[in-house]
**Q** 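This is the structure I want to talk about, given as structure tokens.
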2 protein chains.
Amino acid sequence: MHATEISPLTKKLAAFVALSDGDLAVLARLHQKRRSFGAGREMVHEGETEQSAYILAKGWVCSYKLQPDGTRQIIDFQIPGDFLGLRSVLLRTSDHSFEPIVDILAAEVPKKDLLEAFTNTPRLATAILWVASRDEAMVVEHLVRLGSRDASKRMAHFLLELGARLTLVGLGSKSGYACPLRQYHLADALGLSSVHVNRVLRDLREAGLVSFRDGQVKFLDYAGLVKLAGFYTAYLDETGPLLL
Amino acid sequence: MHATEISPLTKKLAAFVALSDGDLAVLARLHQKRRSFGAGREMVHEGETEQSAYILAKGWVCSYKLQPDGTRQIIDFQIPGDFLGLRSVLLRTSDHSFEPIVDILAAEVPKKDLLEAFTNTPRLATAILWVASRDEAMVVEHLVRLGSRDASKRMAHFLLELGARLTLVGLGSKSGYACPLRQYHLADALGLSSVHVNRVLRDLREAGLVSFRDGQVKFLDYAGLVKLAGFYTAYLDETGPLLL
DNA sequence: CGTGCCCTTGACACGATTCAAGGCTAGTGG
DNA sequence: CCACTAGCCTTGAATCGTGTCAAGGGCACG
């Protein structure tokens with residue numbers, strides 16, 4: 001049904017593993033059951049037991065945890081080509097909630113189909129595990145960002161990481177990308193107040209490093225931003241998976 | 001050789017899965033190759049490709065990432081019964097470094113043995129994957145701690161989490177536990193200066209909540225501490241794994 | 001008896017939050 | 001077509017939490 005279009009996930013995987021025609025066919029099959037979700041309506045609540053995962057095809061999602069005092073900490077953003085709830089299918093109930101940031105389109109992947117794909121196409125399985133492992137590395141990097149960098153470095157690093165991820169699925173480049181996030185999303189993700197996010201963005205813009213406006217991130221001085229952020233891509237690049 | 005003693009890992013797994021004699025035998029076999037490492041000497045460096053994982057039998061380890069500016073962020077502590085480098089065996093090179101905090105004793109688990117155990121004892125495999133997934137949930141919780149809690153809540157939450165983990169392997173209780181960490185370990189883990197860690201510890205002690213002294217953590221008012229920290233154990237308790 | 005490591009405390013500086021007010025823009029109903 | 005509203009962004013001023021700097025104390029070890 002969507003046979004001719006190349007999905008973002010396929011694009012991402014292809015950057016790291018040579019996929020056979022068989023792999024591609026299975027991947028296409030996993031993309032069959034399309035569903036859409038409206039912006040702002042929670043998809044999965046913390047603690048729910050899911051039977052399906054999703055592959056995000058279009059739009060952005062965030063995963064977060066709510067605190068007793070009402071603040072929320074955004075753990076990660078999902079962009080096209082990312083899995084949603086992969087872990088909860090493989091292992092346990094979800095330990096955080098998901099919410100679409102804009103209207104999204106996602107392919108539902110029932111547990112059964114996923115497990116089948118795993119047994120039938122080992123190379124694809126490896127690639128998917130590699131993706132999961134990369135996601136985990138990004139969470140760790142986010143942790144480091146929160147624990148030991150000041151506001152502008154956090155921001156710089158975060159915007160660069162997003163850029164790198166989007167570039168991999170053809171939605172970004174070293175000059176910038178479209179970004180539907182609000183300043184309060186940045187605040188909740190980076191552990192800052194939205195007022196301060198605003199100030200930091202102004203500073204970065206006035207320093208000629210990066211601008212965040214009208215849904216567009218524009219890198220004005222990529223190298224300078226990388227230097228400020230201490231942005232090393234080792235945790236993202238990974239030359240490819242080895243096994244399981 | 002160590003046939004009679006119950007390893008911490010076994011204790012931990014047994015709390016969640018009913019292990020058969022076969023499972024126990026395999027587990028015991030994984031514990032055979034004992035090695036020791038001296039405190040402070042880095043075991044694995046970020047980026048290294050490991051061929052073995054370890055099961056920590058005695059002592060504490062921390063995993064961390066170093067920043068360009070020399071500060072380090074501790075990502076997690078490993079206590080007896082925890083795996084070290086499990087991910088790097090299954091999937092990819094390690095993305096952070098490990099360092100023993102005290103002299104430790106660990107069982108080396110070669111990749112081959114681990115994979116064998118996975119195929120031969122599916123129930124054990126599930127249990128181990130469950131452990132890995134729990135570790136990941138703890139990293140997420142740590143991220144939340146750093147992003148959206150002030151210093152005393154971070155500290156309170158952290159000390160409680162450690163207590164819960166240690167209790168599971170018989171090394172702690174609701175009244176306290178032995179803890180070889182220095183104040184600078186807490187600082188590096190919680191994203192605080194060690195000076196401030198010191199102040200926070202004093203405050204908590206004077207508030208009659210918890211004391212951290214001479215290698216002993218003593219809970220003076222467990223319920224009060226839980227309340228201050230907003231400590232909910234859902235992410236740790238997990239009534240048990242379902243599958244793979 | 002010294003030396004080094006860690007803990008402790010105080011004074012001060014700085015980064016981030018909070019509070020408050022106002023502006024812009026898109027959407028809504030008169 | 002024009003109020004009017006609701007979100008979101010922007011800015012300033014005051015406050016608070018945490019970091020930095022500096023000095024001293026305790027304890028273990030050589």
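To find a chain, count down the sequence lines: A is the first, B the second, and so on, and within it residues start at 1.
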**Q** Using whole Å, report how far CG of A/Asp203 lies from P of D/dT10.
**A**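 So the CG-P distance, A/Asp203 to D/dT10, works out to 12 Å.
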**Q** Less than 3.5 Å apart, any donor N or O on the side chain of A/Tyr232 or A/Glu141 sitting next to an acceptor on the other?
**A**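 Side-chain D/A pair, A/Tyr232 to A/Glu141: absent.
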**Q** Atom CE of A/Met155 to atom P of C/dG15: distance rounded to whole Å?
**A**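 One finds 16 Å between P of C/dG15 and CE of A/Met155, rounded.
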**Q** Just checking B/Asp69: does its CG atom have more than 12 heavy atoms from other residues, nucleotides or ligands closer to it than 6.0 angstrom?
**A**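 It does: B/Asp69 CG has more than 12 such atoms within range.
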**Q** Can you identify which nucleotide, out of D/dC9, D/dT18, D/dT11, has its nearest atom closest to the A/Arg199 side chain?
**A**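 Ranking D/dC9, D/dT18, D/dT11 by closest atom to the A/Arg199 side chain puts D/dT11 first.
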**Q** So what does A/Arg154 touch, heavy atoms closer than 4.0 Å: a base, only the sugar-phosphate, or nothing?
**A**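 Here A/Arg154 touches no strand at all.
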**Q** Check every atom of D/dC21, C/dC7, C/dA16 against the side chain of B/Val195 and return the nucleotide holding the closest atom.
**A**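 Of D/dC21, C/dC7, C/dA16, D/dC21 is nearest to the side chain of B/Val195.
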**Q** To the nearest Å, how far apart are B/Asp214 CG and C/dC6 P?
**A**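 One finds 15 Å between P of C/dC6 and CG of B/Asp214, rounded.
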**Q** Once you round it to whole Å, what is the distance between P of D/dG19 and CZ of A/Arg149?
**A**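 From A/Arg149 CZ to D/dG19 P: 16 Å.
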**Q** Whole Å only: how far is the CZ atom of B/Arg182 from the C1' atom of D/dG26?
**A**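 Value for this atom pair: 13 Å.
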**Q** Nearest to the side chain of B/Arg213 - D/dT18, C/dT18, C/dT8?
**A**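 Of all the options, the side chain of B/Arg213 is nearest to C/dT8.
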**Q** Out of D/dA13, C/dC7, D/dC9, which nucleotide sits closest to the side chain of B/Asn198?
**A**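 It is C/dC7.
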**Q** So B/Arg202, base contact, sugar-phosphate only, or nothing? Heavy-atom distance under 4.0 Å.
**A**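 The answer is sugar-phosphate, as B/Arg202 gets under 4.0 Å only of primed atoms, P, OP1 or OP2.
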**Q** Taking atom P of C/dA16 as reference, at what distance in whole Å does atom CG of A/Leu186 sit?
**A**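 Distance, rounded to whole Å: 15 Å.
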**Q** Could you state the CG-C1' distance from A/Leu192 to C/dG15, rounded to the nearest angstrom?
**A**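 Going from A/Leu192 (CG) to C/dG15 (C1'), I get 11 Å.
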**Q** As a test of reading the structure: which of C/dC7, C/dT18, D/dT10 is closest to the side chain of A/Gln183, going by heavy atoms?
**A**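 Side chain of A/Gln183 sits closest to D/dT10.
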**Q** Counting the benzene-type ring for Trp, do B/Tyr54 and B/Phe98 have ring centres under 6.0 Å apart?
**A**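 For B/Tyr54 and B/Phe98, the ring centres are not under 6.0 Å apart.
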**Q** Check B/Asp82 with B/Lys12, please: is the shortest side-chain N to carboxylate O separation under 4.0 Å?
**A**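 Looking at B/Lys12 and B/Asp82, the cut-off is met.
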**Q** At their closest point, which heavy atom of A/Leu204 faces which heavy atom of A/Ala156, and how far apart are they?
**A**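 Between these two residues, the closest heavy atoms are CD1-N, 4.4 Å.
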**Q** Quick one: A/Asp188 CG to D/dC8 P, roughly how many Å, whole number?
**A**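 It works out to 12 Å between those atoms.
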